[in-house]
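Working notes for the structure below.
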Amino acid sequence: MSSAPDTPVAEARADILARIAAAAKAVGRDPASVTLTAVSKKQPDDRVEAALDAGQRVFGENRVQEAEARWGERRDRVPDLELRLVGPLQTNKAEAAVALFDVIETLDRDKLAKALVKASKKTGRTPRLYVQVNTGEEPQKAGVAPGDVVDFVDRMRDEHGLAIEGLMCIPPADEPAAPHFALLAKRAAECGLDKLSMGMSGDYETAVRLGATSVRVGSALFGERPG
Ligand SMILES: *Cc1c(COP(=O)(O)O)cnc(C)c1O
């Protein structure tokens with residue numbers, strides 16, 4: 001047992017939704033235009049069940065296999081569930097990802113686009129797609145370079161026949177996030193896209209003020225990830 005009890009998930013969720021609504025209203029946005037994605041990676045099942053009980057329906061996972069284990073059976077129980085892949089996707093897992101996820105937020109290369117097209121033909125499923133942008137141009141991080149985004153999004157449509165719903169970013173951990181959120185919003189506007197997946201536990205209110213249409217919140221909702 002941990003020394004301090006975790007904030008019950010339902011309470012944390014109500015607080016986060018209120019903060020999202022306040023941040024949206026502060027900049028004249030409709031709170032309903034922001035989706036809370038509950039990032040459940042590595043979280044114990046009882047916390048995920050508590051989130052479902054509280055009415056949470058949009059969940060994010062960063063690994064295909066872990067997500068299959070967790071959601072394979074739950075999916076049938078929760079018909080209005082929406083699953084979003086927020087972690088890097090290898091081409092050899094594209095088919096499994098397309099079969100399970102409703103949204104894939106980490107499209108960042110042509111090879112993966114081809115694998116997704118093939119997987120969609122095979123499974124008959126077409127998840128909504130976000131392009132991940134490496135706003136900090138960090139060498140170790142996935143994502144399209146900010147300067148290449150417009151071309152990349154055009155190519156997804158023109159060469160691969162893929163409709164892109166929006167852009168996603170994970171700012172560098174050691175920098176203020178706001179400039180990265182602003183850059184993502186700028187690139188999206190240049191692409192004619194109006195969906196932005198940005199903001200995590202520490203900065204989702206900032207992200208909402210800068211235009212996020214979905215925020216990906218893990219630890220602030222569920223408590224710290226064990227181990
Ligand atoms: C883990 C993760 C999150 C959630 O992080 P928290 O800081 O726990 O809110 C959001 N987005 C991505 C891509 C992640 O991998």
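All ligand and atom numbering here is 1-based and tracks the order in the structure. Keep in mind the model is a prediction, meaning the values are calculated, not measured. Heads up: numbering here begins at 1 and tracks the sequence.
Between the side chains of E95 and T123, no donor N or O sits under 3.5 Å from an acceptor N or O. A side-chain N or O of Q56 and one of R13 form a donor-acceptor pair less than 3.5 Å apart.
Residue pairs meeting the ring pair (Phe, Tyr, Trp, His ring centres under 6.0 Å) criterion with at least one partner in residues 154-209, sequence neighbours excluded, are absent.
Although no hydrogens or angles enter the test, the distance criterion places no donor-acceptor pair under 3.5 Å between the side chain of R187 and the main chain of L167.
Residues E105 and L85 have side chains not in contact (no heavy-atom distance under 4.5 Å, counting atoms from C-beta outward). Side chains of F152 and V131 form a contact here, defined as non-hydrogen atoms less than 4.5 Å apart.
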Please tabulate, one line per pair, the protein N or O atoms found under 3.5 Å from any N or O atom of ligand 1, giving the distance to one decimal.
{"from": "ligand 1", "atom 1": "8 (O)", "to": "S219", "atom 2": "N", "distance (Å)": "2.8"}
{"from": "ligand 1", "atom 1": "8 (O)", "to": "S219", "atom 2": "OG", "distance (Å)": "2.9"}
{"from": "ligand 1", "atom 1": "8 (O)", "to": "R225", "atom 2": "NH1", "distance (Å)": "2.8"}
{"from": "ligand 1", "atom 1": "8 (O)", "to": "R225", "atom 2": "NH2", "distance (Å)": "3.2"}
{"from": "ligand 1", "atom 1": "9 (O)", "to": "S201", "atom 2": "N", "distance (Å)": "3.0"}
{"from": "ligand 1", "atom 1": "9 (O)", "to": "S201", "atom 2": "OG", "distance (Å)": "2.5"}
{"from": "ligand 1", "atom 1": "9 (O)", "to": "G218", "atom 2": "N", "distance (Å)": "2.8"}
{"from": "ligand 1", "atom 1": "11 (N)", "to": "R216", "atom 2": "NE", "distance (Å)": "2.9"}
{"from": "ligand 1", "atom 1": "15 (O)", "to": "K41", "atom 2": "NZ", "distance (Å)": "2.7"}

